J.: 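Here it is, the structure in full.
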Amino acid sequence: MLNIIQSKDNPKVKNAIKLAKDAKFRTESGLFFAATPKVVMDILSAGFIAESLFFMQDEYDRYEDKLTGQPVYIITDAVNQKMSEDRTSQGVFGVFRMKKPDINKIFSAKKLIVLEDVQDPGNMGAIMRTALAFGYKNIVTSTKCADIYSPKVLRSSMTASVKLNVYKVKDIPQLVKDLGDKGFSTVATCLENSRELGSEKINLPVAVLIGNEGNGLSAGTIAASTHKVKIPMSEEIESLNAAVSASVMMWELRGE
C-alpha cells in the first residue's frame, strides 16, 4: 500500500522544498530535487537512486509500471501546489542522491569543457545540453558557476547536467595549466592576441574554455591556455551569449 502525504508541513515535503531552494543544503546533504514527469522519470532511467518520489494519484497511475520498488508517496493537490514553483504544476517531484564525479575521466577525456564563473542557470543548462549532444561528457566548473543540481539548470539542460561527469575546482588557471602539461590543447575564447576559430588545426585532446557572461575568461586562465581564439562575426555585434559561444566552439572542435 502506498503512503499518502496530505500535510504541507510533512518533513519529507519540507526537505524537498529546501533542496530546491538551497544550493548549500544540496551540497551538504548530497541530495537534489527534481520536478515534472519528464525530468523525474529521465533521472530515474539514468540510474540515479531516489530517496523520495512524490506523485499525484493520476500521474502515479500513468507511470506505475516503471515505479516498482521505488519510494513513492502520493500527494494531495495542496502538497503539490506547495512543492511546485509554477502555478501549473505537473504533479511529479523527486529527491535523488548525487553521483560523485570521477577526476580520472577528466584527465583522460578526449574532449572537455571548462566553465569559469558561468552564473546564469539558463546558460549553464544550455551548455550542458549541447555538451552531451556533441560528445563532451566531461565538464569542469569553477566554484562560482551555477549549481548543476538546481531545478532551473536541470530543466534547461533537459537533465544533461546530471548525466555528465562534472568536476568542480577552485583554481581554473591552475587546472588549465595542468591540462596543458598533460598534452591538452586548451582553447580560450578571447578577443586580444587571438586567431580566428578555424584558422589553425587544434588537436585532441582538447579543452574548450568558456568564461563568465559579462567578463569572459579571467586573465590568468587566458594566459595559461595553449590556444587563444575568437569566433568570426559581424562588426555590428560585440559578443555572443556564453551558451552560443560554447556551442560554436564545441561544434568546431568536436574532432570528428
Side-chain angles (χ1 to χ4, degrees), residues 23 27 30 98-120 123-149 153 157 160-195 197-231 242-243 245-256:
T27 300
M98 297 177 182
K99 290 183 179 179
K100 293 183 178 180
D102 187 340
I103 189 172
N104 294 321
K105 288 183 178 179
I106 296 296
F107 286 98
S108 62
K110 292 295 183 185
K111 298 185 293 186
L112 181 67
I113 297 292
V114 178
L115 303 178
E116 185 175 46
D117 302 354
V118 176
Q119 296 176 336
D120 180 76
N123 280 334
M124 194 73 167
I127 291 170
M128 298 283 178
R129 184 177 179 182
T130 304
L132 191 60
F134 292 163
Y136 286 75
K137 296 181 180 180
N138 295 279
I139 313 284
V140 177
T141 70
S142 70
T143 53
K144 293 183 180 179
C145 279
D147 180 14
I148 65 166
Y149 290 104
V153 173
S157 74
S161 63
V162 296
K163 295 177 182 177
L164 299 164
N165 180 43
V166 182
Y167 184 68
K168 186 181 292 188
V169 300
K170 291 182 179 179
D171 193 336
I172 293 293
Q174 183 60 52
L175 171 92
V176 172
K177 183 181 183 302
D178 292 343
L179 289 169
D181 290 344
K182 289 184 178 295
F184 275 78
S185 300
T186 53
V187 187
T189 49
C190 57
L191 295 177
E192 294 184 5
N193 301 316
S194 59
R195 301 181 65 178
L197 180 64
S199 65
E200 62 179 323
K201 182 174 175 57
I202 297 176
N203 296 318
L204 297 178
V206 64
V208 176
L209 316 179
I210 301 295
N212 174 265
E213 290 88 349
N215 301 316
L217 292 165
S218 67
T221 294
I222 293 171
S225 66
T226 60
H227 296 75
K228 300 164 184 62
V229 304
K230 57 185 176 182
I231 298 171
S245 294
S247 299
V248 172
M249 295 289 292
M250 282 187 274
W251 173 255
E252 180 67 26
L253 301 174
R254 67 195 185 283
E256 296 176 356

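When a residue number appears, it is its place in the shown sequence, counting from 1. Values in this document were obtained by computation on a predicted structure and should not be read as measured data.
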J.: What's the spacing between L209 CG and H227 NE2 if we round to 0.5 Å?
T.: 11.0 Å

J.: Measure the spacing between CG of L197 and NZ of K228 and express it to the nearest 0.5 Å.
T.: 15.0 Å

J.: Hey, could you give me the CG/OG distance between L132 and S161, rounded to the nearest 0.5 Å?
T.: 10.0 Å

J.: Any idea which heavy atoms bring E213 and D120 closest together, and the distance?
T.: OE2-N, 2.9 Å

J.: If you define the side chain from C-beta out and look only at heavy atoms, does anything of P101 sit under 4.5 Å from N165?
T.: yes

J.: Take atom CD in E200; do more than 12 heavy atoms of anything else shown fall under 6.0 Å from it?
T.: yes

J.: Using every non-hydrogen atom in the two residues, find where Y136 and L112 come nearest and quote the distance to one decimal.
T.: CD2-N, 3.6 Å

J.: For residues N123 and A242, report the shortest heavy-atom separation together with the two atoms involved.
T.: ND2-CB, 4.3 Å

J.: Just jot down the side-chain contact (heavy atoms from CB on, under 4.5 Å) partners of D117, sequence neighbours excluded, or say none.
T.: S142, K144, N212

J.: Are V162 and Y149 close enough that some pair of their side-chain heavy atoms sits under 4.5 Å apart?
T.: yes

J.: Output the distance between atom OG (S185) and atom CD1 (I202), rounded to the nearest 0.5 Å.
T.: 6.5 Å

J.: Quick one, F107 and D178 - any side-chain contact, counting heavy atoms below 4.5 Å?
T.: yes

J.: Nearest heavy-atom pair of A188 and L217: which atoms, and what distance?
T.: CB-CD1, 3.6 Å

J.: Quick check for you: to the nearest 0.5 Å, what is the distance between L204 atom CG and R254 atom CZ?
T.: 11.0 Å

J.: Please step through side chain to side chain contact (heavy atoms under 4.5 Å, CB included) for the pair T189 and I210, ending with a clear verdict.
T.: CA-CA 7 Å; T189 49; I210 301 295; 4.2 Å; yes

J.: Compare all side-chain heavy atoms of I148 with those of M124 and state whether any distance is below 4.5 angstrom.
T.: yes

J.: Looking at V208, I139, L179, which one forms a side chain to side chain contact (heavy atoms under 4.5 Å, CB included) with V114?
T.: L179

J.: State plainly whether the residues D181 and K177 are in salt-bridge range, i.e. N to O under 4.0 Å.
T.: yes

J.: Heavy atoms, side chains only, cut-off 4.5 Å: are V118 and T141 in contact?
T.: no

J.: Using every non-hydrogen atom in the two residues, find where E116 and T221 come nearest and quote the distance to one decimal.
T.: OE2-OG1, 2.9 Å

J.: Determine the minimum heavy-atom distance between A126 and A243, stating which atoms define it.
T.: CB-CB, 3.8 Å

J.: How long is the gap from CD on E252 to OG on S247, to the nearest 0.5 Å?
T.: 13.0 Å

J.: Within the side chain of T226, is there an N or O that forms a donor-acceptor pair under 3.5 Å with the backbone of T186?
T.: yes

